[in-house]
Amino acid sequence: MSELISEKIGLDNIRIVLVETSHTGNMGSTARAMKTMGLTNLYLVNPLVKPDSQAIALAAGASDIIGNATIVDTLDQALEGCRLVVGTSARSRTLQWPMLEPRECGVKMSQASVQAPVALVFGRERVGLTNDELQKCHYHVAIPANPDYSSLNLAMAVQILAYEIRVAWLDQQESDKPQPAVVEDDVYPLAEDLERFYQHLESVLLNIGFIRAAHPGQVMNKLRRLINRARPESQELNILRGILSAIENPDTRNRQK
Ligand SMILES: C[S@@+](CC[C@H](N)C(=O)[O-])C[C@H]1O[C@@H](n2cnc3c(N)ncnc32)[C@H](O)[C@@H]1O
């Protein structure tokens, strides 16, 4: 595989997503962290400040990454078209999610990006990512820092995880090991298809009275975790959608008997 082609189909498919960033310096330092590791795709979700001269100054030679950043209103928009989403968090949450070590995260992202766009999502400087945002991710990754002081500066967290992606990518390019098996690029559903499935599931569970709107509890969160852990393929997700439609539409059910 030539350097040119592999760069195009690998690192270019990796999105670094920053959610509601409030310091332009962090945008600049993130751009620099990305470019040094060969990453180019920066997404800013509802940034609280617009990239300014401080962002450009801290980006140094990477201001093109800031200039080409995609600015969107919602995290769902930033994840459109992605088939693997990893969320980052310094602290463990009430509902534990499948976890990756930074090294595993690098390998998974590097391998999956050969097939399709993937996203690594970073949170707000003060409060990180919300539980809802983290539940849109297949996996979480935590940099195993000092347990007494584990919260890194946003751009430094980007640097460490981008480095792990670089190491895995170089290993993939240079080793004599066989490349990951080539699979159809639509084997896993898009992030937006998964979201539509979760909305469909929730609406059916509300309609049949399994979830009560006034007291939904943790059912949907736990189902999201279960389904994310299983990582259904597109065809399997279609079967689940079909089951939901059959529950909703008794006429179809009778016809199939
Ligand atoms: C300053 S931290 C936010 C800290 C926030 N108080 C919290 O508890 O999530 C900003 C972002 O940097 C990333 N980050 C910081 N430390 C991290 C760590 N140890 N592991 C993974 N990501 C980290 C995460 O994306 C986090 O949302």
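Numbering starts at 1 and runs along the sequence shown. Order of appearance sets the numbers: ligands from 1, and atoms from 1 within every ligand.
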What distance separates Glu80 CD from Asp193 CG, expressed to the nearest 0.5 Å?
10.0 Å

I'd like to know if Asp64 pairs up with Lys35 as an ion pair, taking the criterion as any Lys NZ or Arg NE/NH1/NH2 lying under 4.0 Å from an Asp or Glu carboxylate oxygen.
yes

Side-chain heavy atoms of Trp97 within contact of Leu134, under 4.5 Å:
no

Can you pull out every salt bridge (Lys or Arg N to Asp or Glu O under 4.0 Å) where at least one residue sits in residues 42-51? Sequence neighbours excluded, please.
none

Tabulating one pair per line, provide the atom names and distances (0.1 Å) for every N/O atom of ligand 1 that is less than 3.5 Å from a protein N/O atom.
residue, atom, partner, partner atom, Å
ligand 1, 6 (N), Arg126, O, 3.0
ligand 1, 8 (O), Arg91, NE, 2.5
ligand 1, 16 (N), Leu152, N, 2.9
ligand 1, 19 (N), Ile143, O, 3.2
ligand 1, 19 (N), Ser150, O, 2.9
ligand 1, 20 (N), Ile143, N, 2.8
ligand 1, 25 (O), Thr88, OG1, 2.5
ligand 1, 25 (O), Gly123, N, 3.0
ligand 1, 27 (O), Gly123, N, 3.1

Leu18 and side-chain contact (heavy atoms from CB on, under 4.5 Å): which partner among Leu44, Val121, Val45, Asn26?
Leu44

Salt bridge or not for Lys136 and Glu192, using N-O below 4.0 Å?
no

